Each structure stands twice: as C-alpha cells, then as structure tokens.
Amino acid sequence: MSKLFDFFGMEICQFPCLADNYGFLVRDTQTGQCAAIDTPDARAISEVLEARKWRLTQIWNTHWHPDHTGGNLALKKLWDCEIIGPAAEKGKIPGADRFVSENDNVRLGKTDARVIETPGHTSGHIVYYLADKRVAFVGDTLFALGCGRLFEGTPAQMWASLKKLRALPDETQIFCAHEYTQANARFAVTIEPANAQLELHSAQINALRRDGVPTVPTTISKEKASNPFLRADQATVAAALNMSSADPVAIFAEIRQRKDRF
Ligand code: ZN
Ligand code: FE
C-alpha cells in the first residue's frame, strides 16, 4: 500500500490514511532523522515506521485540522519527537514544540525545508518546500486539479497563496494531503471544456484510479496547465466564465463557489 520515492539522500514514503488522506514520512538517509508530514492516523504511521525500521524524530504540521494533527499526541508519546507547526495556529496544534512562519528553515538532518505561508483553507496554513529536492508538502492548500475549501480565509488570501505555489519551479513535485483528483477533474472540465491538457490529464487520472494508483504527487507544470484554480488569471478561463473584465480574485472566487456547489 505504501510507495517509496528516492530523492538521493532523502526518501519519502507515501501511504493512504483514513478515508482519502495521504500520510507522508520523509527520511534523511545520512542521519536517519525522519519527519511525519501531518498525522492523519497515528496507527497507520506507526505501522509504516515499524515496517521500514525508521524512527520518528519530527512532526511537521501544515494546519490544525484534526485529519492533519489527530495523531500528534499519540506519536509524541511513542517517539518523543519534536512537533513543528504554524505560528499563526499557536494553541491549536496538539503537542507543538516549535512554531514557524514565512521563510523559516526547518532542518531534518542534511535536508532543509523552507516554510511558505499559504492562508486560505485555514488562516495559518503553511507549506514545507524542500528546494534542493524540488518537493513541496502542500497540505490542503493545493490539490491535483483543485484547491482547499475556504474555511477561514478570503478568496484574495487563497489566490495569493496559490500564486506563491505557482511560482515554484515547474518540475516541483507537489505532495497533496488528499486523493481528491478524480472528482476535481470532473469539475475542472466544466470550467475549461476546451483545455486539451486538462483532457489529457483527466484521462491519465481516470486510468490511474481505475487501477487504484495514487495521482499524488502532481507537479507545478501539470497544475499550471490544467488546474482551474491556478488559472483564474488566464484569458481563456475568464472568457469561459463570461468574466473577461473581472479581476483574477473575483474569477477565483467564482470558480471556488461553483466547486462548493458542484
Ligand atoms: Zn484541512
Ligand atoms: Fe485535510
């Protein structure tokens, strides 16, 4: 069920958790230090650690929602690991030891991650960007062909957050926290029915899901070409929505509202 990605000096293990979450373990191979990206399910995370004989030294939380922090305390009890979370969600991250904000560096052995603040889904949501490896753990901010619901933030905030992620290098691998891709694809084609790249990606996604294969990670280049939420400032999207004179925030807000009703 789990999948291992080898980044030369760093490994990522990805595995399904709960109904549609993904758990991720990142391990620095030289030092053996290992971080869980969010804690959807302490038991599932422990099983993977045990199977791989890895020891958990850190937890990196992206935001406070229970499907991202629910395993914090149980894992801390087992491993005495350091828990890192967003400074803007202080008080909401169980067991947190250290709070980080924009541009802070989080180190795992020889592996460094930069914190990018991406408010919108929650007001303190953060992303961990491993620049050397071109890897980003984006939590519930960006999904393959979708984005997180606006529970706490405004459309303007979320649009700004998504633009920050869109500016990452094209080849950046985007590790999203949920397998929502197939439903996102069904919605995306209602926004841009004439987008050939989107059509291609949808076909690939359907084939993967038919075989039960994860569609995560995705890449920035794929998302730029076909994710309607990253394309709110494209003339083709504005035209498709009959909103050619509107600003991108209004177009983004319209796409988000349509998805909420979809
Ligand atoms: Zn969430
Ligand atoms: Fe979530």
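Just so we're clear, the structure is a prediction, and the values are computed from it rather than from any experiment. One-based numbering, in listed order, for ligands and for the atoms of each. All residue numbers refer to positions in the sequence shown, counting from 1.
Here CG of N72 is found 3.5 Å from OG1 of T39. Values are rounded to the nearest 0.5 Å. Here CD1 of I191 is found 14.0 Å from CD of Q234. Values are rounded to the nearest 0.5 Å.
Angle subtended at the Zn ion (ligand 1) by H121 NE2 and H65 ND1: 90°, rounded to 10 degrees. Here the Fe ion (ligand 2) is the vertex; the OD2 atom in D67 and the NE2 atom in H68 give an angle of 90° (to 10°).
Among heteroatoms of the N, O or S kind in D140, OD2 lies nearest the Fe ion (ligand 2). Sorting the N, O or S atoms of D140 by how far they are from the Zn ion (ligand 1) puts OD2 first.
For the Zn ion (ligand 1), the set of nearby N, O or S atoms under 2.8 Å includes none belonging to H68. Not one N/O/S atom of H65, from backbone or side chain, sits under 2.8 Å from the Fe ion (ligand 2). At least one N/O/S atom of H178, whether from backbone or side chain, sits less than 2.8 Å from the Fe ion (ligand 2). At a threshold of 2.8 Å, the Zn ion (ligand 1) has a backbone or side-chain N, O or S atom of H63 nearer than that distance. Backbone or side-chain N, O or S atoms of D67 do not reach the Zn ion (ligand 1) at under 2.8 Å.
Under the side-chain hydrogen bond (donor to acceptor under 3.5 Å, both in side chains) test applied with D140, the options H125, H178, R149 reduce to a single match, H178.
Ion pairing of D104 with R114 is absent here, as no side-chain N (NZ or NE/NH1/NH2) approaches a carboxylate O to less than 4.0 Å. The pair D233-R166 meets the salt-bridge criterion, with a side-chain N (NZ, NE, NH1 or NH2) lying under 4.0 Å from an Asp/Glu carboxylate O.
Between F24 and F175, a ring centre-to-centre spacing shorter than 6.0 Å is recorded.
Side-chain atoms of T31 and D28 include a donor-acceptor pair closer than 3.5 Å.
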